[in-house]
Engineer: 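Before anything else, here's the structure in question.
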Amino acid sequence: MSEPTLALLIPVTDLTIDLKPCCTNLAQQDYPHWTAYVIGQAPTLPEPWTTDDRFQQLTVPDVTLPTLGHLAQTQLTSDLIMIIDPRDQLDQPDSLSELVALAQQLDCDLIMPELVRFDEQRSTYLFPNLWRQREELITYNNYHFLIRASVAMRVVVGSLIDRHLFAQATTTLPREASSQTLIRQLCRQARHGIYTDRHPYIWHLQADHQLPEFEWPNPLTFSQLPQLVAANQAAGYQAPVPTTISIAICIDQNVAATIPTLLYSIATHAKRPTDIYVVYDHLPAAAKADLTWFNDRFPNFRVILTPLRAADRDLLRRFTLNGHKGNLTTFYRLVLPQLLPDVERLIYLDADTLVTSDLTALWESDLAGNFLGVVKDHGIGAEPRPKKKEDWWGYQLLGSDGDEYFNAGVLLMDLHLFRQYSVSLYLYEFVIETIIFYLLEDQDALNLFFHGAVAFLPLEHNYITKFVDIEPQSMQTVSLLHYLGPRKPWKINFDLPASQRAATAHYRATRRTWQAIAHAEQPAVTALVDTANPDDNLLERTLESLLSQDYGPLEIIVTTPVAPTPASPLTRWAKENPNLTILVNDAPSRLARQQAARQHAISDLLLCLAAPDYLDEVTALSQLVALQQKEAASLACAQATEWLVDQSRFMVLPNVNDVISWGPTDWNGVLVTQATLQPDALEFDSKYPVKQRCLRHNLWVKVKR
């Protein structure tokens, strides 16, 4: 293979610039087939290069990019072109040889290398942060992100460009076009473009020679979907809206236990036939049984277990090779059009959602020829929430269009259009090539690819519970709650903001109702909680640990000698949680107050708990009851540990060979049957000095003799 010829274009806009360092540097290159052209209105070669045939002068009226492109088309005959600013230089004598060899090896018509920056004021070299693989293919999907990530991709200098490609890309380029505009043209038109972390070019940072900021393109598009939407609208396309509502939920074993609550919320509010496709890879038999439980109990409601196909699984696993490090489950929605070939329209729901009213309005929403129906998300998921909207991730991702960033936890999908235009194929390719640039994984992918091709729906169809502080709405107007963020309602959340507790209480009430119906064999439990001070903030910790339990038939009775004020946290807890009752009794001791509370208990099983002690797992009560039932026990107890504040650690409270011998003064943390208690056999005073106790689950049990 013959070595290609190379034209080095040196545009001169300032005649005071000393060209000698640049020319001297080029003359040291060991690549033999290059010619340097000093271009300008009155270019002058310095000595001794006036007699060197490798250096030529070209007089032109201006040195704009279109002019350079015209020269490449009409006067130059070289195979390749590189533009060099007269203030800069090449890094090593073999810089040109290395780039040309790479171009031949990879059969490239565009190579865009990294830069070394030389700060002349500080005499310091700034080397690039090599954050990517050695060579990166430049594609239609990723060039925008490469330009954002690498400042070297924002300037055309130092790149090796096929002359015909350069001439073609500059043909329609406006006279005032920036380097970034030309680079976008080059990236789109290149047959085979490569970004490399090699750094053969040195940019000399000077007051009048700074690297440019990123320029957002206008319009901002990442696919051909906006044009397809316009065509749909021009043709008067009407999306098919079947009678049966179809919903997809994508899950794995980590969230399988939470899905029945969501299914129950859908089933109890459905006013028309509804099919739920639960998409999964692997699920245990018990989880499947909980999901299919609904099929025999709700008319016109079907749960259809839909395993991921092996081919789809293999495709999605490729994301991990390209930089994805999280859970692949959220990407299952990408394969729904092919996985559900007979479904025309689909509602996708995240696992952390709860339906609060009929979904017909959402289902029948007019998408106006768009591919998705979505609800905007203005940075509400970030913690702490940015003070300026320009700092929201949506604006970081979409520039001035950041206001159009949407939450992907609820989607109305026109699968008919997906299949008509083979959208999934292009979407998959887009994700593969851009996934390394995401912050919010699949949500970013959908926002980018479908930008300009979505219909925005009312807030009530995806009401993120964090919205309550900035866009409050009553529960009666919301059709779907979305518990976005780490504080899930099925977890213990000691730091949950008070404004979000009502939504959390709604979820937990729904879960308890389902559990009480689905597991009717479970005995009811009454938790007896006593506090001397209803405003004690540690009481809230105790109540949160109880209210978050995954046990259905549970009532909580709080006894206190002082009535809580209307503004008291305890009053709010009782208002938000119908299973919580407050009993005011001015008896001088806990024993007397708790004895009175026993008369109001609806169940035979009592869980004795006193502030500030709390349960540290949401399954604690389920475990205690299961143990008590299995052993036909009079009582069961969770092992107690004491939190030593001054040492920041837990200490297990002492016991004697795990053999429990209770007296009448230590019942805290005990699950006990009413039938075995004497009228005066309940007392909450602890044997041990307690700073703050946490009841853990190395469980003990005392079998009934």
Side-chain angles (χ1 to χ4, degrees), residues 247-268 270 274-299 301-310 312-313 327-330 332-333 339 348-355 483 488-492 507-525 545-554 605 607 615-633 636 638 671 696-699 701:
I247 300 174
I249 306 168
C250 301
I251 70 170
D252 60 13
Q253 297 184 58
N254 296 323
V255 298
T258 70
I259 301 304
T261 303
L262 171 56
L263 296 179
Y264 183 76
S265 74
I266 299 171
T268 53
T274 304
D275 289 342
I276 312 290
Y277 297 90
V278 179
V279 180
Y280 66 95
D281 192 2
H282 299 288
L283 282 182
K288 294 180 181 179
D290 278 346
L291 299 176
T292 55
W293 174 89
F294 293 86
N295 288 342
D296 298 328
R297 290 163 177 82
F298 293 91
F301 185 86
R302 294 193 304 165
V303 175
I304 305 167
L305 298 182
T306 309
L308 198 67
R309 300 177 303 183
D312 292 331
R313 185 190 310 118
N327 195 323
L328 283 175
T329 307
T330 57
Y332 289 0
R333 74 190 83 179
L339 190 62
Y348 166 83
L349 297 180
D350 267 356
D352 58 351
T353 56
L354 187 78
V355 172
Y483 299 90
K488 303 302 184 187
W490 55 83
K491 297 180 179 180
I492 299 176
Y507 180 96
R508 291 170 175 174
T510 304
R511 180 176 63 176
R512 283 194 300 271
T513 302
W514 169 75
Q515 289 169 329
I517 297 172
H519 304 287
E521 74 284 357
Q522 288 183 326
V525 175
S545 77
L546 283 170
L547 290 165
S548 61
Q549 292 299 303
D550 69 346
Y551 196 81
L554 170 66
L605 283 176
L607 175 68
L615 304 177
D616 79 326
E617 293 181 9
V618 297
T619 61
L621 184 55
S622 295
Q623 293 183 60
L624 282 171
V625 173
L627 186 61
Q628 183 273 331
Q629 294 284 290
K630 176 183 177 182
E631 303 291 346
L671 182 72
R696 294 176 176 265
H697 304 111
N698 182 7
L699 296 176
V701 62

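We use all heavy atoms of the structure for the numbers below, so side chains are in, but hydrogens, waters and symmetry mates are not.
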Engineer: Report the distance from atom OH of Y264 to atom CD1 of I517, rounding to the nearest 0.5 Å.
Structural biologist: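 So the gap between those two atoms works out to 3.5 Å.
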
Engineer: Is the ring pair W293/F298 parallel, tilted or perpendicular, if the boundaries are 30 and 60 degrees?
Structural biologist: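 Perpendicular.
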
Engineer: Nearest heavy-atom pair of Y332 and C250: which atoms, and what distance?
Structural biologist: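 Looks like CB-SG, 3.5 Å.
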
Engineer: How close do T513 and A509 get, counting heavy atoms only, and between which atoms?
Structural biologist: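 That would be OG1-O, 2.9 Å.
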
Engineer: So, Q253 side chain and P284 main chain: donor-acceptor pair closer than 3.5 Å or not?
Structural biologist: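 Answer holds: no.
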
Engineer: Hey, could you give me the CD1/CG distance between I266 and L349, rounded to the nearest 0.5 Å?
Structural biologist: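 Going from the CD1 atom of I266 to the CG atom of L349 covers 5.5 Å.
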
Engineer: Which atoms form the tightest heavy-atom contact between D352 and K488, and what is the distance?
Structural biologist: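 Heavy-atom minimum between the residues: OD2-NZ, 2.5 Å.
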
Engineer: Do T258 and K491 have side chains that approach each other closer than 4.5 Å (heavy atoms only, starting at C-beta)?
Structural biologist: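 With C-beta onward as the side chain, the pair stays apart.
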
Engineer: Taking side chain to side chain contact (heavy atoms under 4.5 Å, CB included) as the criterion, tell me which of I276, V303, I304 meets it with N295.
Structural biologist: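 Looking at I276, V303, I304, the match for N295 under the side chain to side chain contact (heavy atoms under 4.5 Å, CB included) is V303.
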
Engineer: Would you say the side chain of T261 lies within less than 4.5 Å of the side chain of L354, judging by non-hydrogen atoms?
Structural biologist: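 Of all side-chain heavy-atom pairs linking T261 with L354, at least one is under 4.5 Å.
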
Engineer: So do S622 and Q549 actually touch side chain to side chain, heavy atoms under 4.5 Å?
Structural biologist: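 They are not in side-chain contact.
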
Engineer: Applying side chain to side chain contact (heavy atoms under 4.5 Å, CB included) to D290 and L263, what does each step give before you reach the verdict?
Structural biologist: CA-CA 10 Å; D290 278 346; L263 296 179; over 6 Å; no

Engineer: I'd like to check W490 versus V618 (side-chain heavy atoms, cut-off strictly below 4.5 Å). Are they in contact?
Structural biologist: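 W490 does not reach V618 side chain to side chain.
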
Engineer: Enter the distance from W514:CH2 to S265:OG here, rounded to the nearest 0.5 Å.
Structural biologist: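 Rounded to the nearest 0.5 Å, the CH2-OG separation comes to 12.0 Å.
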
Engineer: Can you give me the closest heavy-atom contact between R313 and L308, atom names plus distance?
Structural biologist: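 Taking every non-hydrogen atom into account, NH2-O, 3.8 Å.
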
Engineer: Nearest 0.5 Å, please: how far is OG1 in T353 from CG in L262?
Structural biologist: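 L262 atom CG to T353 atom OG1 measures 4.5 Å (nearest 0.5 Å).
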
Engineer: Check for a donor-acceptor pair, side chain of R333 on one end and backbone N or O of D350 on the other, with a separation under 3.5 Å.
Structural biologist: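 Not a single qualifying donor-acceptor pair exists.
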
Engineer: Going by heavy atoms in the side chains, are Y280 and P307 under 4.5 Å from each other?
Structural biologist: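 When only atoms from C-beta onward are counted, P307 and Y280 do touch, with a gap below 4.5 Å.
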
Engineer: For residues L547 and R512, report the shortest heavy-atom separation together with the two atoms involved.
Structural biologist: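 Minimum heavy-atom contact is O-NH1, 3.9 Å.
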
Engineer: A side-chain contact here means heavy atoms from C-beta on lying under 4.5 Å apart; do V255 and T329 qualify?
Structural biologist: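 Answer no - side chains too far apart.
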
Engineer: Can you confirm whether L615 sits close enough to L607 that some side-chain heavy atom of one is under 4.5 Å from a side-chain heavy atom of the other?
Structural biologist: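 Yes - at least one pair of side-chain heavy atoms lies under 4.5 Å apart.
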
Engineer: Which value, rounded to the nearest 0.5 Å, describes the distance between D281 atom CG and D252 atom CG?
Structural biologist: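 That separation rounds to 9.0 Å.
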
Engineer: Could you tell me the separation between the CD atom of Q515 and the OG1 atom of T510, rounded to the nearest 0.5 Å?
Structural biologist: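 Q515 atom CD to T510 atom OG1 measures 11.0 Å (nearest 0.5 Å).
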
Engineer: Given side chains that start at C-beta, do those of E617 and Q623 come closer than 4.5 Å, heavy atoms only?
Structural biologist: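 Of all side-chain heavy-atom pairs linking Q623 with E617, at least one is under 4.5 Å.
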
Engineer: Start with the C-alpha distance between V625 and Q522, add both sets of side-chain angles, then the distance that settles side chain to side chain contact (heavy atoms under 4.5 Å, CB included), and finish with yes or no.
Structural biologist: CA-CA 8 Å; V625 173; Q522 288 183 326; 5.8 Å; no

Engineer: Considering all heavy atoms of both residues, which atom of P553 and which atom of P523 are nearest to each other, and what is their separation?
Structural biologist: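 Looking at all heavy atoms of both residues, the closest pair is CG-O, 3.5 Å.
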
